[in-house]
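In what follows, every chain begins at residue 1, and chains take the letters A, B, ... in the order their sequences are listed.
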Amino acid sequence: MPDIMITHKKIYSSLLNTKSRLNFKDTVQSGQSFRWNLNETLKSYYSSVIYNSIIFICEINSEMIEVLCTDQELSGKPINEFLKHLFSLDFQEETVFSSRFQQEFPEVWNLVQSYRSVRVMRQDPFEIMVTFMCAQGIGMHLIRRQVSMIAERYGQKIMLELPEGNLTFHSFPPPQALASADPNELAVCTNNNRIRAANIIAMARSFESGKLALACVDSGKCDLETLRETLCVHSGIGLKIADCIALFGLGRFDAFPIDTHVKQYLWEWFGIEEARHSLTEKNYRILQEKARAILGAEYAGYAGHILFHCWRKEVKKMKAF
DNA sequence: CCCCAGGGCCATT
DNA sequence: AATGGCCATGGG
């Protein structure tokens, strides 16, 4: 693949009115995406690569973001339309936490206020699959490093020419690029974990064959259990990662992934006894049922992600990455 | 040195 | 069904 060179004359800019419903910084730092970086040359701009387009976003104020992009359209849509969908601005977040929840858990409700505009994004399914297959039992910074290395090694290199100097970006590799990867070579990018590398390659081949890709297209229609079963067929994808894929990559806001952090707040905030025991499959399902009873089944995952980020920042005092 | 970090899989009881 | 070991690395 030849590298792509883009000059600064080809950058398109726009303003997007978010109506104070998008906390952009916390949204991209909340652990659902590892592909946004604070740009060192264009300070105060976050940059990412979506498909083969470079995009910059700067928060003007709470109501407005400035957008710079190397293309006029993303995935066949005007940039602002694409971003509204990406950040799920069409979704009414006011309904996420019910009035019953607000009355029953006033201290949690108070703590979560500043995170209510953290959006659950609708990201590319394949990219999310690879990302969360890299997220087993390790810290966020190691996940970020793996995703970056995969893009640098297997993605399309894109150079951007600016008055301030040249910038280099990498697209996220499409399924065929990882399907044909050598396991030992990919393992260099997956924290030297060869099992993980082999699992990603097998999943990419399943995606490339059309089976997994078709399941993604139909993911909005089938029930969550069926969707999880088709995802969990793949080695390296268990219940938790399947739920992450459904929530962050397939727009299934009812999917409620439970990890070590969620397990902690289910006990500390809601006093769910089972959260003190280990996350066996049976206990995982029990915890999901109890969480849905508190958060509501329809948007449990959306609420869960906001609580997840709130827990890590406010209680665990963790830095973003 | 220890334990923990957005887990999943396998072998053993 | 529940438990332990294993994978791998970095940070506290």
- Message: Just checking E40(A): does its CD atom have more than 12 heavy atoms from other residues, nucleotides or ligands closer to it than 6.0 angstrom?
- Response: no

- Item | Touch class at under 4.0 angstrom, heavy-atom based, for I258(A) against every strand present | nothing

- Message: Ignoring hydrogens and geometry beyond distance, is a side-chain donor-acceptor pair present between T260(A) and Q264(A) at under 3.5 Å?
- Response: yes

- Message: Please name the nucleotide paired to dA8(C) by Watson-Crick or G-U wobble geometry with both distances under 3.5 Å, or report none.
- Response: none

- Note on the structure: Per-nt protein contacts along nucleotides 2-12 of chain C (heavy atom under 4.0 Å; B base, S backbone sugar-phosphate only, - none) come out as S----SBBSS-

- Query: With a 4.0 Å cut-off on heavy atoms, is F248(A) in touch with a base, just the backbone sugar-phosphate, or nothing at all?
  - Reply: base

- Message: So if I apply the ring-ring contact (aromatic ring centres under 6.0 Å, His included) rule between H305(A) and each of F253(A), W311(A), F248(A), which one comes out positive?
- Response: F248(A)

- Query: K319(A) has an atom NZ; how far is it from atom P of dG6(B), in whole Å?
  - Reply: 15 Å

- Any ion pair linking R285(A) and E289(A) (charged N to carboxylate O, less than 4.0 Å)? no

- Once you round it to whole Å, what is the distance between C1' of dG6(B) and CD of Q123(A)? 14 Å

- Item | Whole angstrom value for the distance that separates P of dC4(B) from CZ of R312(A) | 16 Å

- Is a side-chain donor or acceptor of R119(A) paired with a backbone partner of F87(A) at a separation under 3.5 angstrom? yes

- Message: Applying a 4.0 Å non-hydrogen cut-off, can you work out what H305(A) is touching in the nucleic acid: base, sugar-phosphate, or nothing?
- Response: base

- Determine whether the side chains of E66(A) and Y45(A) contain a donor N or O and an acceptor N or O closer than 3.5 Å. yes

- Can a donor-acceptor pair be found between the side chains of D243(A) and Q288(A) at a distance below 3.5 Å? yes

- Message: What contact category does Q264(A) fall into here, base, sugar-phosphate, or nothing, at under 4.0 angstrom with non-hydrogen atoms?
- Response: sugar-phosphate

- Would one find a side-chain N or O of T260(A) under 4.0 angstrom from OP1 or OP2 of dG6(B)? no

- Query: Can you check the I241(A) CD1 to dG6(B) P distance for me, whole Å?
  - Reply: 13 Å

- F132(A) on top of dG6(B)'s base, within under 5.5 Å and under 30°? no

- In whole Å, what is the span from the CG atom of L239(A) to the C1' atom of dG6(B)? 15 Å

- Query: On a whole-Å scale, what distance lies between the P atoms belonging to dG8(B) and dG10(C)?
  - Reply: 22 Å

- Message: With rounding to the closest Å, how many angstrom separate the P atoms on dC4(B) and dG5(C)?
- Response: 15 Å

- Message: With ring-ring contact (aromatic ring centres under 6.0 Å, His included) as the test, pick out the partner of W36(A) among F169(A), Y46(A), F24(A).
- Response: F24(A)

- Task: Identify the nucleotide, in any strand shown, that forms a Watson-Crick or G-U wobble pair with dA2(C), with both distances under 3.5 Å; if there is none, say none.
- Result: dT12(B)

- What's the NZ-P distance between K263(A) and dG7(B), to the nearest Å? 11 Å

- Query: Have T280(A) and N283(A) got a donor and an acceptor in their side chains that come within less than 3.5 Å?
  - Reply: no

Distances for protein N/O vs nucleotides 9-13 of chain B N/O pairs under 3.5 angstrom?
residue : atom : partner : partner atom : Å
dC9(B)  : OP1  : G236(A) : N            : 3.0

